[in-house]
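Here is the structure we will look at.
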There are 2 protein chains.
Amino acid sequence: MPQSKPPVEASLPERFSHARNVQANAVMEDYVELISDLMAEFGEARIADIAQRLGVAHPTATKAVARLKREGLAVSRPYRGVFLTDAGAALADKVRARHRTLVDLLVAVGVPPEVAELDAEGMEHHVSDTALAAFRAFLEK
Amino acid sequence: MPQSKPPVEASLPERFSHARNVQANAVMEDYVELISDLMAEFGEARIADIAQRLGVAHPTATKAVARLKREGLAVSRPYRGVFLTDAGAALADKVRARHRTLVDLLVAVGVPPEVAELDAEGMEHHVSDTALAAFRAFLEK
DNA sequence: CAATCAATGAAGCCTTGGCTACATTGCCCT
DNA sequence: AGGGCAATGTAGCCAAGGCTTCATTGATTG
């Protein structure tokens, strides 16, 4: 019986699987926020615009939108624009607010704004509500 | 020479593609750091231990190690433990230091330590050297 | 009013990172 | 020495998220 490692290590697998889980939602979050932006800007989100802004080929965007629809975050009809459901819009708002708070925090601790934007794009998806609340509290000081 | 990019929006696709790029290395970074830990602890890293600590099935770890070897970060012989190359060890050190600094920063701005660990696991891969330097400077204040 | 062309959709391929099921190997222990 | 069991390896499946290529649709404009 190798009973040598009981203490702290137990939570490691959970940390990793949590991170993997978060990552699975990251792409969806990016799409939802972008669609929200485009709707605000043009009244609808076109596949071509989504693909262009995300820097991917248009079939990639089409597939992602299909997944969004499957998960109840967006609706669309063939050859028409994409629109968010209420759930999608709510998610978009949350994601956008989190993004801004994270960028603000990074800048507040001394990260140059352009770098903050770049780094935040990947980091934001992993910021928990708890951390976000701490960020807000810190920024208000 | 390309002129300067107009204002700000032009860089959106680059931000996303940068984040996707970083993400592609994230799993490799996790494996390398973990192998480094196991080598320090047991003198070698066994596939079973890697898989267990990461919370994945062992063939998943085997495949990842194969990629590590392909990229020159690790070496191994069939049915024996896995070892890091110099490049792999250097990467592990960098990743570990970055992780610690990020956790420290999160705690410093008020995030509870357990939450900081959890969130950092996913965020760390997106922290640039520039941001890291800013974190260190902030922590020394 | 029709033709052209841009935008969308569909099909099919690749890699990654999960998984399960099964085949091998090696090591420990009787 | 040999058996059995744990550890590794192998094969093959799946979904996601990229891609290219080709077909279809619709909207603009001559």
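Just so it is clear, the values below take in all heavy atoms, side chains as well, and ignore hydrogens, waters and symmetry mates. Note on naming: letters A, B, ... go to the chains in the order of the sequence lines (proteins, then strands), and numbering restarts at 1 for each one.
Counted within 6.0 Å of NZ on A/K69, heavy atoms from surrounding residues, nucleotides or ligands total more than 12; the atom is thus considered enclosed.
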Kindly determine whether B/H58 and B/Q52 satisfy side chain to side chain donor-acceptor pair (under 3.5 Å), including the steps that lead there.
CA-CA 8 Å; B/H58 77 85; B/Q52 192 238 323; over 6 Å; no
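Here the nucleotide nearest the side chain of A/V56, chosen from C/dG18, D/dG18, D/dT20, is D/dG18. Here the side chain of A/K63 is nearest to one of D/dC13, C/dT8, C/dC13, namely C/dC13. Closest to the side chain of A/R70, out of D/dT25, C/dT16, D/dA16, is D/dA16.
For the pair A/E29 CD and D/dA16 C1', the computed distance is 16 Å after rounding to whole Å. In this structure, OH of B/Y79 is placed 11 Å from P of C/dC27, rounded to the nearest angstrom. Atom CD of A/Q23 is separated from atom P of D/dG18 by 11 Å (rounded to the nearest Å). Whole-Å rounding puts the A/L54 CG to D/dG18 P distance at 7 Å.
As judged by a 4.0 angstrom heavy-atom cut-off over every strand, A/P59 is placed among the base-contacting residues.
Note on ring orientation: taking the six-membered ring where Trp is involved, the planes of B/F138 and A/F138 are perpendicular (angle over 60°, cut-offs 30° and 60°).
Look at A/T62 and you won't find any side-chain N or O under 4.0 angstrom from OP1 or OP2 of C/dT8. Look at A/R20 and you'll find a side-chain N or O under 4.0 angstrom from OP1 or OP2 of C/dG18.
A heavy-atom distance below 4.0 Å to DNA chain C is reached by these residues of residues 43-51 of chain A, ordered by number: A/R46, A/I47, A/A48.
Comparing A/R80 and A/A57, the nucleotide of DNA chain D nearest to each residue sits closer to the 5' end for A/A57.
Annotation for A/V107 and A/P113: closest pair CG2-CA, 4.1 Å, computed over non-hydrogen atoms.
With a 4.5 Å cut-off on side-chain heavy atoms, A/F42 and A/D37 do not count as touching.
The residue from B/R96, B/K94, B/R98 that alone fulfils the side chain to side chain donor-acceptor pair (under 3.5 Å) condition with B/E29 is B/R98.
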